[in-house]
Amino acid sequence: MNVFDIIGPIMIGPSSSHTAGAVRLGRVANKVLNQEAPKEVMVELSGSFAKTYRGHGTDRALLAGIMGYHSYSEEIRDIFSIADKAGITYRFVPTQIPGSHPNTARIHVKGVNGTPVVVQGASIGGGNIRVDSINGMAVDFNGEHNTILVPHYDRPGVIAEVTNIMWQKYKDVNIGNFKLSRSVKGGIAMMTIEIDGMPPEGMIEDIRTVKNVTNVFLIRSI
């Protein structure tokens with residue numbers, strides 16, 4: 001346990017769960033956009049998020065995170081006018097996502113170049129988050145470590161080739177956690193690789209060249 005577990009995160013807003021955690025969820029969507037600016041935003045809010053999002057500033061927090069701001073950014077207070085000036089459209093839709101955590105958001109973002117991103121996750125208390133799915137693929141990470149997401153076709157040898165690249169060319173990289181999810185055998189699967197420290201220059205590009213890998217996302221610790 002560190003001091004932030006006791007006193008909570010540095011933030012703008014009244015609630016670590018409804019504001020700080022919401023900003024961090026939004027920042028995951030921002031990272032998956034991979035430096036492409038957001039253009040259209042629609043957020044589904046479930047559970048207590050749906051009931052209190054206006055009063056607790058959850059809507060502002062999520063939008064700020066999607067736009068790349070931090071939980072301590074002063075811009076959160078004026079994020080709607082900032083988004084309006086940037087030509088970003090946004091709306092928040094209360095709903096119920098079955099089986100989800102009470103503080104769950106499903107974030108739909110389209111970038112200025114048309115890239116669609118869907119991130120679902122929950123704010124689980126104290127500014128901490130859990131990311132459950134990205135673009136329809138199940139994941140499970142909390143954003144506290146640098147995380148490499150590798151969507152790929154579920155074919156023999158893909159995982160071995162990715163991990164062999166990391167071992168053979170980038171021996172100083174330590175994998176702290178590795179998870180695999182797939183919706184159907186032989187379809188699209190997702191590697192979630194949490195690492196200690198930043199990936200060395202060239203590693204992400206090398207992984208992207210592996211046969212049957214469709215993309216690579218680096219989610220820097222948030």
When clusters are formed by joining ILVMFWY residues with side-chain heavy atoms under 4.5 Å apart, either directly or through shared neighbours, do [X] and [Y] land in the same one?
{"X": "V162", "Y": "L149", "answer": "no"}
{"X": "M191", "Y": "I188", "answer": "no"}
{"X": "V150", "Y": "I204", "answer": "yes"}
{"X": "V131", "Y": "V216", "answer": "no"}
{"X": "I82", "Y": "V43", "answer": "yes"}

- Message: Counting only heavy atoms from other residues, nucleotides and ligands, does the tally under 6.0 Å from CZ of R155 exceed 12?
- Response: yes
- Query: Just wondering, are more than 12 heavy atoms of other shown residues or ligands nearer than 6.0 Å to CD in E205?
  - Reply: yes
Below 4.5 Å, heavy atoms only, C-beta onward: do [X] and [Y] meet side chain to side chain?
{"X": "V210", "Y": "N212", "answer": "no"}
{"X": "P38", "Y": "M67", "answer": "yes"}
{"X": "R220", "Y": "M198", "answer": "yes"}
{"X": "M166", "Y": "M203", "answer": "yes"}
{"X": "Q96", "Y": "S46", "answer": "yes"}
{"X": "K179", "Y": "E194", "answer": "no"}
{"X": "N142", "Y": "N128", "answer": "no"}
{"X": "Y90", "Y": "I66", "answer": "no"}

Could you tell me whether a side-chain N or O of [X] sits under 3.5 Å from a main-chain N or O of [Y], the two making a donor and an acceptor?
{"X": "R208", "Y": "N215", "value": "no"}
{"X": "N164", "Y": "A160", "value": "yes"}
{"X": "N103", "Y": "A122", "value": "no"}
{"X": "Y153", "Y": "V158", "value": "no"}

- Query: Testing T147, N174, I148 for side-chain contact (heavy atoms from CB on, under 4.5 Å) with I195, which one passes?
  - Reply: I148
So, taking the atom named [atom1] in [X] and the one named [atom2] in [Y], what distance separates them when rounded to the nearest 0.5 Å?
{"X": "E144", "Y": "I129", "atom1": "CD", "atom2": "CD1", "value": "8.5 Å"}
{"X": "M190", "Y": "F217", "atom1": "CE", "atom2": "CZ", "value": "7.0 Å"}
{"X": "E36", "Y": "K39", "atom1": "CD", "atom2": "NZ", "value": "11.5 Å"}
{"X": "L25", "Y": "T58", "atom1": "CG", "atom2": "OG1", "value": "10.0 Å"}
{"X": "D132", "Y": "H101", "atom1": "CG", "atom2": "NE2", "value": "9.5 Å"}
{"X": "L62", "Y": "F49", "atom1": "CG", "atom2": "CZ", "value": "6.0 Å"}

- Task: Could you verify whether a donor N or O on one side chain and an acceptor N or O on the other, from H108 and E40, lie under 3.5 Å apart?
- Result: no
[X] and [Y]: which non-hydrogen atoms are nearest, and at how many Å?
{"X": "D59", "Y": "F92", "answer": "O-CZ, 3.3 Å"}
{"X": "P199", "Y": "L218", "answer": "CG-CD2, 3.8 Å"}
{"X": "S181", "Y": "M137", "answer": "O-CE, 3.6 Å"}
{"X": "V117", "Y": "N135", "answer": "CA-OD1, 3.4 Å"}
{"X": "A20", "Y": "G127", "answer": "CB-CA, 4.2 Å"}
{"X": "H152", "Y": "L180", "answer": "CE1-CD1, 3.7 Å"}

- Task: Is it possible for you to check whether K171 lies under 6.0 Å from the centre of the six-membered ring of W167, through NZ or CZ, and within 45° of that ring's axis?
- Result: yes
